[in-house]
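All values reported here derive from a predicted model rather than from experimental measurement. Positions are given from 1, in the same order as the sequence printed here.
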Amino acid sequence: MQLRSLTIQAIGPFKDAFTIDFARLAEGGLFLLEGPTGAGKSTIIDAIVFALYGKVASAGASEDRLRSTHVRAEVESYVDLVLEVPAGVYRVRRSPAYDRPKQRGTGTTRQQTKVNLWQLSAADAEALDTSEDPGDQSPGQLLSSRADEVGDAITRILGLSREQFVQTIVLPQGEFASFLRAKPEDRSALLQRVFGTEIYQRIQNELVEA
């Protein structure tokens with residue numbers, strides 16, 4: 001999987017829309033996500049995992065923390081991620097649920113989460129890359145706007161569940177320890193899926209049988 005871009009708005013300390021061009025960063029090889037405490041490093045990681053799976057990176061944390069406290073009630077919070085895998089280019093846009101003041105009367109009402117998943121052609125991806133504000137529309141093919149369907153599609157596209165993704169790709173604090181404590185057979189199966197080493201296991205099995 002290769003991240004192409006991430007746009008976030010009203011998420012954590014990011015009050016305004018902010019875009020990270022991962023494709024451009026990757027042209028130079030490795031890059032470092034660095035900054036002082038509170039700069040938003042963990043927020044970026046959470047935004048990526050939330051876009052893909054609808055949950056933040058840490059299993060014990062709530063998605064309620066994604067909503068920025070620095071914006072007006074009418075400002076939408078969202079994460080917008082474009083990623084590329086061998087099967088193609090995909091875009092997922094997801095808004096976290098949060099409480100906002102009622103338009104009439106007093107008190108608050110729950111703004112429900114929203115999600116859209118598109119598959120993009122090469123031309124679609126290029127058009128999206130040059131768009132200043134793609135909004136919640138995309139030139140690609142809309143695959144689903146249902147959270148359960150998007151979740152199943154993302155797991156199928158990446159070949160990893162959320163738990164597997166955070167344990168092997170993101171590695172948030174404390175999560176890698178649970179991976180190391182996993183049963184050897186579970187850990188081995190997961191690493192085979194991540195690094196595509198199933199063929200070597202099949203060769204080994206065939207040699208043993210022979």
Side-chain angles (χ1 to χ4, degrees), residues 1 3-22 25 33-83 90-118 128 131-138 142-155 158 160-163 165-167 169-175:
M1 180 190 73
L3 302 180
R4 291 178 62 121
S5 67
L6 171 70
T7 300
I8 55 181
Q9 174 179 283
I11 297 292
F14 298 94
K15 175 182 176 181
D16 301 316
F18 181 79
T19 298
I20 302 175
D21 188 343
F22 286 111
L25 288 173
L33 182 61
E34 187 271 340
T37 300
K41 301 184 298 297
S42 296
T43 298
I44 293 173
I45 300 300
D46 280 338
I48 293 171
V49 180
F50 175 74
L52 295 173
Y53 296 102
K55 289 185 174 294
V56 295
S58 178
S62 169
E63 287 66 57
D64 289 341
R65 70 177 184 173
L66 287 172
R67 173 69 176 176
S68 176
T69 58
H70 307 294
V71 297
R72 300 185 307 274
E74 62 270 20
V75 176
E76 179 189 13
S77 293
Y78 69 84
V79 298
D80 200 314
L81 180 67
V82 179
L83 64 146
Y90 295 85
R91 176 191 175 203
V92 57
R93 181 185 176 101
R94 198 184 296 262
S95 299
Y98 61 93
D99 293 324
R100 60 171 177 80
K102 293 181 178 179
Q103 295 180 347
R104 296 180 180 178
T106 59
T108 61
T109 185
R110 190 70 169 171
Q111 180 71 40
Q112 297 301 321
T113 184
K114 297 187 298 182
V115 62
N116 286 319
L117 175 66
W118 299 269
L128 192 62
S131 175
E132 294 183 359
D133 183 15
D136 58 0
Q137 302 299 316
S138 174
L142 180 63
L143 299 181
S144 179
S145 296
R146 290 181 49 181
D148 56 342
E149 292 180 351
V150 171
D152 291 341
I154 290 294
T155 300
L158 299 185
L160 295 170
S161 67
R162 178 198 163 277
E163 290 75 15
F165 184 83
V166 298
Q167 287 178 348
I169 306 300
V170 177
L171 306 183
Q173 294 182 358
E175 296 292 339

Exercise for the section: Start with the C-alpha distance between V79 and T7, add both sets of side-chain angles, then the distance that settles side chain to side chain contact (heavy atoms under 4.5 Å, CB included), and finish with yes or no. Expected result: CA-CA 6 Å; V79 298; T7 300; over 6 Å; no
Exercise for the section: Please lay out, stage by stage, how V92 and W118 fare under the test side chain to side chain contact (heavy atoms under 4.5 Å, CB included). Expected result: CA-CA 6 Å; V92 57; W118 299 269; over 6 Å; no
Exercise for the section: Please step through side chain to side chain contact (heavy atoms under 4.5 Å, CB included) for the pair I48 and F22, ending with a clear verdict. Expected result: CA-CA 12 Å; I48 293 171; F22 286 111; 4.1 Å; yes
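Listed by chain and number, the residues in a side-chain contact (heavy atoms from CB on, under 4.5 Å) with S145 are N116, L142 (sequence neighbours excluded). With sequence neighbours excluded, no residue forms a side-chain contact (heavy atoms from CB on, under 4.5 Å) with D16. In terms of the side-chain hydrogen bond (donor to acceptor under 3.5 Å, both in side chains) criterion, D21 has no residue partners (sequence neighbours excluded). For A39, the side-chain contact (heavy atoms from CB on, under 4.5 Å) partners two or more places apart in sequence, or in a different chain, are P36. Considering only residues two or more places apart in sequence or on other chains, S68 meets the side-chain hydrogen bond (donor to acceptor under 3.5 Å, both in side chains) condition with none of them. The ring pair (Phe, Tyr, Trp, His ring centres under 6.0 Å) check on Y53 picks up F165, with sequence neighbours excluded. R72 pairs by the side-chain hydrogen bond (donor to acceptor under 3.5 Å, both in side chains) definition with E74, not counting sequence neighbours. For the side-chain hydrogen bond (donor to acceptor under 3.5 Å, both in side chains) test, no residue two or more places apart in sequence or in another chain qualifies with T108. Qualifying side-chain contact (heavy atoms from CB on, under 4.5 Å) partners for A147, counting only residues two or more places apart in sequence or in other chains: V115.
Two residues are said to be in side-chain contact when any heavy atoms from C-beta on lie closer than 4.5 Å; P96 and T113 fail this criterion. Put simply, the side chain of L52 reaches to within 4.5 Å of the side chain of L83, judged on heavy atoms. T155 is not listed as a side-chain neighbour of L160, based on a closest heavy-atom distance of 4.5 Å or more. Taking the side chain as every heavy atom from C-beta outward, I45 and L33 approach each other to under 4.5 Å. Looking only at side-chain heavy atoms (C-beta outward), F18 and L6 stay at 4.5 Å or farther from each other.
The side chain to side chain donor-acceptor pair (under 3.5 Å) contacts involving residues 34-52 comprise D46-R65, where partners must be two or more places apart or lie in separate chains.
Separation of atoms OH (Y90) and CG (L143) is listed at 7.0 Å; rounding is to 0.5 Å. Atoms CZ and CD1, on R162 and I154 in that order, are 14.0 Å from each other to the nearest 0.5 Å. The distance from atom CG of L25 to atom OG of S5, rounded to the nearest 0.5 Å, is 11.0 Å. To the nearest 0.5 Å, atoms CG (L81) and CZ (F50) are separated by 12.0 Å. Summarising the geometry, atom CG belonging to D80 is positioned 5.0 Å from atom CZ belonging to R93; distances are rounded to the nearest 0.5 Å. To the nearest 0.5 Å, the span separating NE2 on H70 from CZ on F14 amounts to 10.5 Å.
Of the possible donor and acceptor atoms, none in the side chain of R4 sits under 3.5 Å from a partner among the backbone N and O of R91. Counting only distance, with no hydrogens or angles, the side chain of S95 and the backbone of S77 share a donor-acceptor pair below 3.5 Å.
Nearest approach of S144 to V150, heavy atoms of both residues: O-CG2, 3.8 Å.
Of the charged side-chain nitrogens involved, none lies within less than 4.0 Å of a carboxylate oxygen, so that R94 and E76 do not count as a salt-bridged pair.
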